[in-house]
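These notes are about the structure you will find just below.
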Amino acid sequence: MTRIRRGYIARRRRTKIRLFASSFRGAHSRLTRTITQQKIRALVSARRDRNSKKRNFRRLWIIRINAVIRERVVEGAVSYSYSRLIHDLYKRQLLLNRKILAQIAISNRNCLYMISNEIIKEVNCIVKNPVE
């Protein structure tokens with residue numbers, strides 16, 4: 001059986017992998033086998049960290065909203081918290097996501113207070129005078 005010379009195709013594949021790992025240090029940027037292992041590891045880490053970034057930002061937004069809402073004690077309510085605000089938003093079918101609410105809480109607290117007061121008034125009216 002004749003020997004197949006695989007120079008061009010294999011070299012092209014290896015150079016493509018080496019371009020990905022050009023910034024790595026030591027053997028991780030020179031040896032093909034370790035380059036492929038490091039590439040897999042890097043892609044796994046990138047995906048994991050993208051997902052954790054989403055989680056961390058959501059936690060930050062929730063903390064900011066909760067801090068601003070708890071500062072202001074609303075009439076008729078013993079304490080108003082983040083969870084009650086979100087619950088009341090869903091009751092009124094107001095689709096404001098946490099990112100927007102957090103931006104409002106930072107830039108213009110009075111606007112967030114107005115939103116929460118309006119929600120509380122309407123929810124209290126619904127509770128006191130149920131429609132039959």
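These values consider heavy atoms only, across backbone and side chains, with no hydrogens, waters or symmetry-generated copies. Note that the structure is predicted; figures quoted are calculated from it, not measured. Residues: numbered from 1 along the sequence shown.
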Query - Pairs meeting criterion salt bridge (charged side-chain N to carboxylate O under 4.0 Å, His left out) with involvement of residues 104-116, two or more places apart - result: Glu71-Arg109

Requested in this report: Write down the atom of Lys99, the atom of Trp61, and the distance for their closest heavy-atom approach.
Outcome: CG-CZ2, 3.6 Å

Report task. Quick one: pull up CD1 in Ile86 and CG in Asn97 and give me the separation to the nearest 0.5 Å. Result -> 9.5 Å

**Report entry** Set of residues satisfying side-chain contact (heavy atoms from CB on, under 4.5 Å) with respect to Ser52, sequence neighbours excluded
**Finding:** Asp49, Arg55

Query raised in the report: Do side-chain atoms of Asn66 reach the backbone of Ile62 as a donor and acceptor pair under 3.5 angstrom?
Result: no

Report task. Please list, chain by chain and in numerical order, all residues satisfying salt bridge (Lys or Arg N to Asp or Glu O under 4.0 Å) with Arg14, sequence neighbours excluded. Result -> none

Query raised in the report: For Arg25, does its backbone N or O pair with a side-chain atom of Ser29 as donor and acceptor, under 3.5 Å?
Result: no

Report summary line: Separation between CG (Leu112) and CD1 (Ile100), nearest 0.5 Å, reads 12.5 Å

Query raised in the report: Rounded to the nearest 0.5 Å, what separation is found between the CG atom of Leu85 and the CD1 atom of Ile115?
Result: 8.5 Å

**Report entry** Side chains of Val68 and Ile104 in contact at under 4.5 Å (non-hydrogen atoms)
**Finding:** no

**Report entry** Connected via hydrophobic side-chain network under 4.5 Å: Leu60 and Leu96
**Finding:** no

Query raised in the report: Around atom CG of Leu19, are there more than 12 heavy atoms of other residues, nucleotides or ligands at under 6.0 Å?
Result: yes

Query raised in the report: What distance do Arg64 atom CZ and Gln103 atom CD have between them, rounded to the nearest 0.5 Å?
Result: 9.0 Å

Query - Nearest-0.5 Å distance that lies between atom OH in Tyr82 and atom CD1 in Ile69 - result: 11.0 Å

Query - Non-neighbouring partners of Phe20 that pass side-chain contact (heavy atoms from CB on, under 4.5 Å), sequence neighbours left out - result: Phe24, Lys39, Ala42, Leu43

Query raised in the report: Would you say Leu94 and Ile65 are hydrophobically clustered, going by side-chain heavy atoms of ILVMFWY under 4.5 Å?
Result: yes

Report summary line: To the nearest 0.5 Å, atom OG1 of Thr36 lies from atom CZ of Arg18 at 10.5 Å

Report summary line: Hits for side-chain contact (heavy atoms from CB on, under 4.5 Å) against Arg50, two or more places apart or cross-chain, chain-then-number order -> Ala46, Arg47

Query raised in the report: Transitively linked via ILVMFWY side-chain contacts under 4.5 Å: Ile40 with Ile35?
Result: no

**Report entry** Results of side-chain contact (heavy atoms from CB on, under 4.5 Å) for Asn108 - residues two or more places apart only
**Finding:** Asn110, Cys111

